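Proteins get letters first, then strands, A, B, ... in listed order; numbering begins at 1 in each. Values below: every heavy atom of this structure, side chains too, minus hydrogens, waters and symmetry copies. Just so you know, these numbers come straight off a predicted model, no measurement behind them.
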Protein chains: 2
Amino acid sequence: MTESEKGPTGRRRGRGARERILSASQQLFREQGINRTGMNELCAAAEVSKRTAYQHFTSKDEIVAEYLRRFDPSVLSGVFDRTDLTPRERLLAAFDIPPTTPLCPYIAAAVELHDPQHPASQYAREYKKAVAARLADTAREAGAADPEQLGEQLALLIDGAAARTRVLDADAFPTAAAIATVLIDNAIPATTGDDRRREEVSS
Amino acid sequence: MTESEKGPTGRRRGRGARERILSASQQLFREQGINRTGMNELCAAAEVSKRTAYQHFTSKDEIVAEYLRRFDPSVLSGVFDRTDLTPRERLLAAFDIPPTTPLCPYIAAAVELHDPQHPASQYAREYKKAVAARLADTAREAGAADPEQLGEQLALLIDGAAARTRVLDADAFPTAAAIATVLIDNAIPATTGDDRRREEVSS
DNA sequence: TGTTATGTACACCGATCTGTGTGCTTAAGG
DNA sequence: CCTTAAGCACACAGATCGGTGTACATAACA
């Protein structure tokens with residue numbers, strides 16, 4: 001017990017204030033939205049005094065940007081590293097994220113902040129491009145005719161499923177997965193180097 | 001000149017206050033977002049006193065709901081009535097809305113209001129369902145094997161294009177249209193009753 | 001023991017927001 | 001002319017927001 005517990009009365013010393021703030025923001029910003037979560041509420045949830053919060057971050061905007069950067073896209077990033085799946089299966093696995101979040105936080109941030117110049121909006125843009133790029137890489141690996149195009153198409157399907165899930169309050173990812181299957185089958189001619197079913201070319 | 005001009009000094013009498021408020025909301029809510037547009041600003045743009053505004057609407061939420069209801073989806077609704085196009089062409093024409101709005105206002109409202117019970121959120125849900133239904137009708141008309149599914153898929157593509165356009169700040173509708181083409185070609189077997197190319201079944 | 005970070009508790013500032021209260025002005029209709 | 005409806009200008013209430021100032025408490029280190 002070097003430190004890391006907390007003083008008998010005040011001043012908690014576990015994981016530092018930064019971590020608790022960002023951790024609380026993960027929950028509150030996603031549950032209630034960014035604009036509807038005030039700093040008082042955020043600090044209370046993080047069990048951190050507001051004064052301390054503003055010694056770690058210069059503004060709420062900075063917290064928002066860092067919140068997006070720290071958002072763990074474990075589902076997506078994990079998909080691309082699964083060596084137990086064929087490239088084709090990896091592309092499809094990106095749609096197996098049923099009960100995750102009310103809405104992709106990158107889209108939500110872009111809409112809520114409403115300023116393309118906001119650091120968080122810029123990061124959202126970068127992230128979305130990165131996802132499309134990784135999808136394109138995997139598509140190339142799977143032998144797609146036009147990997148860039150397929151990557152962009154699959155990325156659009158993911159965003160469409162996220163947006164539609166939010167508006168309709170019903171899971172739209174199965175529909176997106178169905179479209180993805182069609183696109184992948186169409187873009188990867190059975191002749192090309194996908195790992196299985198290389199001989200049974202048609203039907 | 002019965003009325004409809006305006007008094008020499010005060011009190012404008014053209015189209016009534018309601019119309020001007022809703023008209024201004026169309027511009028401001030879409031350009032700046034709902035939450036970032038205050039009632040003072042809205043009333044100033046509508047050239048209506050705030051007092052008058054609150055005699056026509058009980059709250060801003062009511063204005064928001066009515067704004068969504070009055071939003072003219074001329075592009076989409078117009079598409080379905082174009083008898084000069086084949087059903088198949090009508091399905092594709094739904095993606096020819098390049099330089100319209102920064103983001104589908106229905107998605108934006110659902111995200112900004114962040115309350116599925118809000119009247120505007122409920123209407124957004126209804127509208128999105130209605131669009132999918134009309135797409136399904138058209139798909140059925142075009143002879144699709146599973147019209148409901150194709151309608152839902154195309155609706156997802158539209159939402160995906162809208163969301164992605166907003167986040168990336170680049171038009172994603174061409175990509176969506178490309179996917180739509182594939183889906184439609186896949187769902188409507190050339191043997192079925194599409195109006196042209198009925199004989200040249202393959203190649 | 002004393003110093004220095006680090007944190008807390010809490011009041012507070014200024015801005016902005018939705019919504020009202022009040023008194024005045026104008027147009028329409030008899 | 002007088003009444004009634006509609007609107008305007010403007011101040012203001014009450015709440016919330018992001019962010020600060022201040023005084024005090026604790027832990028680590030010298």
From [atom1] of [X] over to [atom2] of [N], roughly how many Å is that when rounded to an integer?
{"X": "K60(B)", "N": "dT20(C)", "atom1": "NZ", "atom2": "P", "result": "15 Å"}
{"X": "N35(A)", "N": "dT16(C)", "atom1": "CG", "atom2": "C1'", "result": "13 Å"}
{"X": "M39(A)", "N": "dA11(C)", "atom1": "CE", "atom2": "C1'", "result": "17 Å"}
{"X": "Q55(B)", "N": "dT22(C)", "atom1": "CD", "atom2": "C1'", "result": "12 Å"}
{"X": "I21(A)", "N": "dT6(C)", "atom1": "CD1", "atom2": "C1'", "result": "13 Å"}
{"X": "R20(A)", "N": "dT8(C)", "atom1": "CZ", "atom2": "P", "result": "7 Å"}
{"X": "Y54(A)", "N": "dT22(D)", "atom1": "OH", "atom2": "P", "result": "18 Å"}
{"X": "I63(A)", "N": "dC17(D)", "atom1": "CD1", "atom2": "P", "result": "14 Å"}

Any side-chain heavy atom of D61(A) sitting closer than 4.5 Å to one from P119(A)? no
dG19(C) base / K50(B) side chain donor-acceptor hit below 3.5 Å: yes
Going from OG1 on T52(A) to NZ on K50(A), what distance comes out if it is rounded to the nearest 0.5 angstrom? 12.0 Å
Could you grab the distance from atom SG of C104(A) to atom OH of Y127(A), nearest 0.5 Å is fine? 7.0 Å
Can you tell me if the side-chain N/O atoms of S49(A) get under 4.0 Å from OP1 or OP2 in dG7(C)? no
R51(A) or N40(A), whichever maps to the more 5' nucleotide of DNA chain D: N40(A)
Should E89(A) and R82(A) count as an ion pair when the cut-off is N to O under 4.0 Å? no
Contact class for T58(B) vs. all strands (heavy atom < 4.0 Å): base, sugar-phosphate, or nothing? nothing
The side chain of A17(A) lies closest to which of these nucleotides: dG7(C), dT8(C), dT18(C)? dG7(C)
Could you check which of dG7(C), dT20(D), dA9(D) has an atom nearest any side-chain atom of H56(A)? dG7(C)
Here the pair of heavy atoms bringing Q32(A) nearest to R36(A) is O-CB, 3.4 Å
